[in-house]
Amino acid sequence: QVQLVESGGGSVQAGGSLRLSCTASGFTYIYYSMGWFRQAPGKEREGVAGITSDGTTAYADSVKGRFTISQDNAKNTLYLQMNSLKPEDTAMYYCATEDRRLHPSWLLVHGTYNYWGQGTQVTVSS
């Protein structure tokens, strides 16, 4: 059974940085996709960044140039480095995984993922 556990959230001032981590267990796929999503109160869940097993990445326009997704296969861990944070980045952040290599255009679509973590809160103050 796949389990995802996010960590690294917290409160930071605008312009600051955070690094989120997502550790996967029960995960033995050779071909896979992983993504970071976020959901603010009263808003729909939106894709932030995604990566496939071959390293293909995708980013939402709102975070391009500020966020970087990466993975450490030896540690079964997915990361999201978030720099130049803005108040509008405030949300619950979730990681997700799917046991297939998605086309980049699908990496940020939450309906394509079957496995989700519980989330970690990120709060950015102005």
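Please read these numbers as outputs of a predicted model, since none were measured by experiment.
Minimum heavy-atom separation, A60 to G47: CB-O, 3.4 Å. Across all non-hydrogen atoms, the minimal contact from P87 to S126 is CG-CB, 3.9 Å. Across S21 and T77, no two heavy atoms sit closer than the pair CB-CG2, 4.2 Å. Smallest separation of non-hydrogen atoms from Y94 and G117: CD2-O, 3.6 Å. Looking at every heavy atom in both residues, P104 comes nearest to T56 through CG-CG2, 3.6 Å.
Annotation: the span from I69 atom CD1 to Q81 atom CD amounts to 12.5 Å, rounded to 0.5 Å.
The same ILVMFWY cluster, assembled from side-chain heavy atoms under 4.5 Å apart, contains both I51 and V2. L108 is not connected to W116 by any chain of hydrophobic side-chain contacts under 4.5 Å among Ile, Leu, Val, Met, Phe, Trp and Tyr, and they are in different clusters. Taking hydrophobic clusters as Ile, Leu, Val, Met, Phe, Trp and Tyr residues chained together by side-chain heavy-atom distances below 4.5 Å, L78 shares a cluster with V63. Residues M92 and V122 do not share a hydrophobic cluster, clusters being chains of Ile/Leu/Val/Met/Phe/Trp/Tyr side chains in contact below 4.5 Å. At a threshold of 4.5 Å between side-chain heavy atoms, the hydrophobic network of Ile, Leu, Val, Met, Phe, Trp and Tyr places L80 and L4 in one connected group.
Q118 contributes no side-chain N or O that, together with a main-chain N or O of E6, makes up a donor-acceptor pair within less than 3.5 Å. Side-chain N or O atoms of E98 include one that pairs as donor or acceptor with a backbone N or O of N114 at under 3.5 Å. Using modelled atom types, no side-chain atom of Y115 and backbone atom of C95 make a donor-acceptor pair closer than 3.5 Å.
Using bins of under 30°, 30° to 60° and over 60° for the plane-to-plane angle, the ring pair F67/Y93 lands in the tilted bin.
Within the 4.5 Å cutoff, the side chain of D89 has heavy atoms near those of the R38 side chain. The closest side-chain heavy-atom distance from Y59 to T68 is below 4.5 Å.
Not counting sequence neighbours, the partners of H103 by the side chain to side chain donor-acceptor pair (under 3.5 Å) test are S105. Listed by chain and number, the residues in a side-chain contact (heavy atoms from CB on, under 4.5 Å) with S11 are T123 (sequence neighbours excluded).
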In residues 29-36, what donor-acceptor pairs under 3.5 Å come from side-chain atoms, sequence neighbours left out?
residue : atom : partner : partner atom : Å
Y32     : OH   : Q71     : OE1          : 3.0
Y32     : OH   : N73     : OD1          : 2.9
S33     : OG   : R100    : O            : 2.7
S33     : OG   : L102    : N            : 2.8
W36     : NE1  : Y79     : O            : 3.2

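Enclosure of atom CH2 in W106 is not indicated, since only 12 or fewer non-hydrogen atoms of other residues, nucleotides or ligands lie within 6.0 angstrom.
Each of L20, V48, V12 was scored for a side chain to side chain contact (heavy atoms under 4.5 Å, CB included) with M82, with one residue passing: L20.
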_Worked check of side-chain contact (heavy atoms from CB on, under 4.5 Å) between Q121 and T90_ = CA-CA 8 Å; Q121 177 68 37; T90 295; 4.1 Å; yes
